[in-house]
Amino acid sequence: MATGTPARAPIKWQVARLVERRVETATAQTLVLEVPDWPGHLPGQHVDVRLTAPDGYQAARSYSIAGPAVDGPGGPRIEVTVQRVPDGEVSPYLIDVFGAGDPVEVRGPLGGWFIWRSEDTAPVQLVAGGSGIVPLMAMIRARRAVGSKVPFRLIYSVRTAQDVIYADELRRRGRDDFGLDVAYVYTREAPDGWRGEPHRVGLADVNTHGWPPDLEPLTYVCGPTGFVEAVADLLVGLGHASRRIRTERFGPTG
Amino acid sequence: MGIVSPGFSGRPRTQEPALPPGQYLTEDFPVLSAGPTPRVSLDTWEFVISAENGTEYRWSWQELMALPQETPMVDIHCVTHWSKLGTTWQGVSLDTLLDGVDTGAHFALAHSYGGYTTNLPLDDLRGGRAWVAHTFDGAPLPAEHGGPARLLVPHLYFWKSAKWVRGIRLKTMDEPGFWETAGYHDYGDPWREQRYQGD
Ligand SMILES: Cc1cc2nc3c(=O)[nH]c(=O)nc-3n(C[C@H](O)[C@H](O)[C@H](O)COP(=O)(O)OP(=O)(O)OC[C@H]3O[C@@H](n4cnc5c(N)ncnc54)[C@H](O)[C@@H]3O)c2cc1C
């Protein structure tokens with residue numbers, strides 16, 4: 001054990017139950033889990049979810065927590081939003097098989113770097129690719145929950161308008177949450193009325209919808225590996241300091 | 001054994017190789033890092049071992065390449081649950097680099113271009129178990145995987161194998177690095193599932 005680090009309580013596996021499920025898109029669902037001994041968390045943190053087969057085989061994967069915990073009759077509830085990975089081992093189970101009331105083991109909160117603290121007053125830019133919106137949405141929801149006035153800008157890259165996770169809520173918050181701007185980039189098919197051709201997030205998008213480097217924003221980039229690599233490189237190229245760009249890479253391939 | 005998840009059987013398993021607990025096999029090479037990928041030029045690259053008394057030992061890229069090279073074939077284990085077996089690397093053993101370094105230190109803090117740090121007991125860098133690796137699968141190590149050179153310490157979780165490694169500070173006292181300060185385990189033995197503080 002290191003000297004000089006505060007002793008921390010071990011983060012134990014505990015049994016959570018599925019209390020509700022919401023369909024977000026054709027391939028993504030939000031699972032509301034009741035976790036009786038949940039210790040609380042910061043926006044951006046994740047949980048590990050562990051499945052056990054009857055023969056004892058186990059599989060665990062990480063899922064970002066989608067928002068602040070809420071109270072429920074059986075204890076605190078947290079939400080995760082799972083995107084189905086075709087041929088995946090865990091995500092198809094969570095979406096297609098895992099049923100209301102079923103138990104699952106979770107461990108968390110985990111991750112102490114890709115987090116936003118509401119005390120931090122720097123402007124925030126969020127850049128999401130696909131299900132990478134999940135931990136960024138947690139930040140947007142936490143901002144609202146604590147009544148923060150820190151200006152936020154979100155750039156959300158999706159294939160088509162049908163792939164936008166939290167579409168209704170983002171529309172509402174983009175309108176009602178003062179100081180939150182939401183911009184979309186469509187990579188496959190743009191909806192009517194959107195100006196421009198489908199494309200991947202580029203310099204122009206980040207220039208137009210992000211904060212200039214002089215404002216020294218804190219930037220959070222989350223999505224598939226290739227997306228995160230490309231966006232982080234763009235931001236560094238624009239002059240943003242590397243240490244103010246935090247990244248979370250979901251999944252092995254980009 | 002944990003509680004059984006109704007209806008979960010897992011991927012079809014035939015003769016699973018021995019993996020550390022909680023790990024699954026991948027053929028991909030996932031990328032996990034906390035920020036943008038640093039790009040480091042070979043002209044300015046250097047590797048520095050600084051001893052606890054302040055003495056520094058430096059190698060330029062050419063000097064590193066002129067040292068005896070090894071080609072370890074190792075299994076690697078990431079704390080995010082994937083393992084990859086039989087990966088092939090080329091690099092310089094830490095035994096070679098530490099040979100002639102006068103130290104009584106027990107701990108090492110590896111540090112990287114880009115500011116990343118991670119701590120290890122110095123003994124874990126000796127005995128043919130650690131390298132400064134610059135080649136993966138026969139090709140120069142890509143930047144997103146830590147090129148031009150990364151630490152390779154396959155017997156510990158892979159976050160200990162600091163990407164874009166720039167040097168090692170030898171210390172008489174252990175000092176937690178980047179992820180360790182953010183809640184990850186100080187040692188990180190995959191076979192004992194030392195993922196987070198307190199494991
Ligand atoms: C910190 C962290 C937070 C995460 N948060 C979320 C989240 O909020 N929501 C979410 O849906 N996922 C999230 N993920 C990804 C998640 O942990 C799993 O990797 C994902 O659900 C796939 O698991 P699986 O068992 O279904 O697929 P696997 O059986 O692991 O993989 C099946 C195949 O799909 C490929 N693959 C694996 N993962 C991905 C991926 N993400 N994208 C594309 N291809 C992939 C594999 O290479 C393999 O070929 C997060 C990952 C990390 C590290």
Side-chain angles (χ1 to χ4, degrees), chain A residues 1-13 15 48 50-62 89-90 93 96-99 102-105 107 109-115 221 225-226 228-229 231-233 235-236 240 242-249 251-254, chain B residues 1-13 16 21-24 26-39 78-82 84 107 113-116 119 142-144 171-187 193 195-199:
Chain A
M1 182 62 44
T3 48
T5 24
R8 263 168 281 222
I11 306 170
K12 296 266 181 243
W13 288 104
V15 178
D48 279 1
R50 182 165 78 178
L51 306 177
T52 303
D55 65 356
Y57 171 80
Q58 295 186 320
R61 298 289 186 276
S62 299
E89 183 170 41
V90 172
Y93 171 86
D96 300 328
V97 185
F98 188 44
D102 281 352
V104 70
E105 283 180 292
R107 187 184 196 202
L110 301 169
W113 174 246
F114 195 82
I115 50 175
V221 188
T225 297
V228 172
E229 282 293 306
V231 172
D233 285 351
L235 290 161
V236 171
H240 291 276
S242 284
R243 69 192 155 75
R244 298 191 64 80
I245 304 171
R246 298 182 181 194
T247 58
E248 187 132 280
R249 295 162 169 88
T253 46
Chain B
M1 177 170 142
I3 47 143
V4 171
S5 315
F8 177 68
S9 53
R11 231 195 278 288
R13 278 158 277 135
E16 282 276 304
Q23 296 295 107
Y24 69 94
T26 178
E27 303 291 325
D28 277 326
F29 194 168
V31 176
L32 288 140
S33 18
T37 294
R39 316 277 157 182
C78 177
V79 70
T80 62
H81 300 277
W82 57 265
K84 194 170 164 64
F107 299 98
Y113 290 93
Y116 181 79
N119 57 322
E144 67 266 30
K171 309 217 160 236
T172 46
M173 298 239 282
D174 197 6
E175 180 187 323
F178 178 83
W179 287 123
E180 294 81 11
T181 314
Y184 282 76
H185 198 274
D186 278 312
Y187 186 62
E193 270 205 282
R195 298 176 190 276
Y196 308 110
Q197 292 285 344
D199 278 351

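In what follows, chains are A, B, ... by sequence order, proteins preceding strands, each numbered from 1.
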Close side-chain approach of A/Leu110 to B/Arg195, heavy-atom, < 4.5 Å |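 Of all side-chain heavy-atom pairs linking B/Arg195 with A/Leu110, none is under 4.5 Å.
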
Could you check if a side-chain atom of A/Phe98 sits within less than 4.5 angstrom of a side-chain atom of B/Phe8, using non-hydrogen atoms only?
-> no

For [X], is it the side chain, the backbone, both or neither that has a heavy atom under 4.5 Å from a heavy atom of chain B?
X        : result
A/Leu235 : neither
A/Arg107 : side chain
A/Glu89  : both
A/Tyr93  : side chain

Heavy-atom pair of closest approach, residues [X] and [Y]:
X        : Y        : result
B/Val4   : A/Pro103 : O-CG, 4.3 Å
A/Val104 : B/Ile3   : N-CD1, 3.9 Å
B/Pro6   : A/Val97  : O-CG1, 4.0 Å

Run the numbers on B/Arg39 and A/Val236 for side-chain contact (heavy atoms from CB on, under 4.5 Å), then give the verdict.
-> CA-CA 11 Å; B/Arg39 316 277 157 182; A/Val236 171; over 6 Å; no

Are the side chain of A/Thr52 and the backbone of B/Ser5 linked by a donor-acceptor contact shorter than 3.5 Å?
-> no

Answer yes or no: is there a donor N or O on one side and an acceptor on the other, between the side chain of A/Trp113 and the main chain of B/Ala182, under 3.5 Å?
-> no

Tell me, for B/Trp82 versus chain A, whether the close heavy atoms (under 4.5 Å) come from the side chain, the backbone, both or neither.
->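 B/Trp82 has no heavy atom closer than 4.5 Å to chain A.
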
Proximal component of B/Phe178, with respect to chain A [non-hydrogen, under 4.5 Å] | side chain

Calculate, to the nearest 0.5 Å, the distance between atoms CG and CD1 belonging to B/Asp199 and A/Ile11 respectively.
->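 Taking CG in B/Asp199 and CD1 in A/Ile11, the distance rounds to 8.0 Å.
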
B/Thr80 OG1 to A/Arg249 CZ distance, which is reported to the nearest 0.5 Å = 12.5 Å

Residue selection (most heavy-atom pairs with chain B, distance under 4.5 Å) from A/Arg243, A/Arg244, A/Lys12, A/Arg61 =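 Heavy-atom pairs under 4.5 Å are most numerous for A/Arg61.
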
Taking every heavy-atom pair that is under 4.5 Å apart, which of A/Asp48, A/Val231, A/Val90 has the most such pairs with chain B?
->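 The answer is A/Asp48.
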
